Amino acid sequence: MIPKSGGDYAYINEAFGPLPAFLYMWVALFVIMPTGNAVTALTFAQYILQPIWPHCDPPYSAVRLLAAVITCLLTAINCYNVKWVIRFYITCTYSSMFFISEFGGLYIENCVSYHMVISERFKS
């Protein structure tokens, strides 16, 4: 364990030296982090827009526009106050856990009741 701040940079700097650590941080800044954020935003936008177009895929331009708006909104909130973003992420995490458990429970309940109906039909 390395008792320094800096995350990946501290570990790479300790293991391989300052040049690889410096290069990794620039690659992470311009390639790795933006790519991950873009994929997350596009996935979020796809799932948000799917109920509006239930029988087909949403238009790609609408998905990209919503992803860009969400990214800009979160960036602006993060620049203004980091604590707001933390509260937003915590709220999203708890709400997703609630919805997953609620819909998972409903799914299990429907499966159990369906199997009970099927088993009653076979008994008679």
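Everything numeric here is computed off the predicted structure, so don't read it as measured data.
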Q. Nearest heavy-atom pair of F22 and Y9: which atoms, and what distance?
A. N-CE1, 3.9 Å
Q.
Using a 4.5 Å cut-off between side-chain heavy atoms of Ile, Leu, Val, Met, Phe, Trp and Tyr, which other residues end up in the same hydrophobic cluster as V82?
A. I86, I90, Y94, M97
Q: Would you please name every residue forming a side-chain contact (heavy atoms from CB on, under 4.5 Å) with A28, sequence neighbours left out?
A: Y24, I32
Q. In chain order, what residues pass the side-chain contact (heavy atoms from CB on, under 4.5 Å) check against P34, with sequence neighbours excluded?
A.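 Residues passing side-chain contact (heavy atoms from CB on, under 4.5 Å) with P34: none at all.
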Q: Kindly state each residue pair satisfying ring pair (Phe, Tyr, Trp, His ring centres under 6.0 Å) with at least one member in residues 27-49, sequence neighbours excluded.
A: W26-F30
If a pair satisfies salt bridge (charged side-chain N to carboxylate O under 4.0 Å, His left out) and one of its residues is in [range], list it, with sequence neighbours excluded.
{"range": "residues 20-35", "result": "none"}
{"range": "residues 19-41", "result": "none"}
{"range": "residues 7-31", "result": "K4-E14"}

Q: Provide the full list of side chain to side chain donor-acceptor pair (under 3.5 Å) pairs with a residue in residues 62-75, sequence neighbours left out, each pair given once.
A: none
(Q) For residues 80-91, which residue pairs pass the side chain to side chain donor-acceptor pair (under 3.5 Å) check, not counting sequence neighbours? (A) none
Supply the atom-to-atom distance [X] [atom1] to [Y] [atom2], rounded to the nearest 0.5 angstrom.
{"X": "Y60", "Y": "L42", "atom1": "OH", "atom2": "CG", "answer": "5.5 Å"}
{"X": "I48", "Y": "T43", "atom1": "CD1", "atom2": "OG1", "answer": "11.5 Å"}
{"X": "L19", "Y": "L23", "atom1": "CG", "atom2": "CG", "answer": "4.5 Å"}

Hey, any chance [X] and [Y] share a hydrophobic cluster, counting ILVMFWY side chains that come within less than 4.5 Å of each other, even indirectly?
{"X": "F88", "Y": "L66", "result": "yes"}
{"X": "V63", "Y": "L65", "result": "no"}
{"X": "M25", "Y": "Y11", "result": "no"}

Q.
Is it the case that the side chain of Q50 and the backbone of W53 share a donor-acceptor pair, with hydrogens and angles ignored and the cut-off at 3.5 Å?
A.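 Side chain of Q50 to backbone of W53, a donor-acceptor pair under 3.5 Å: yes, one is there.
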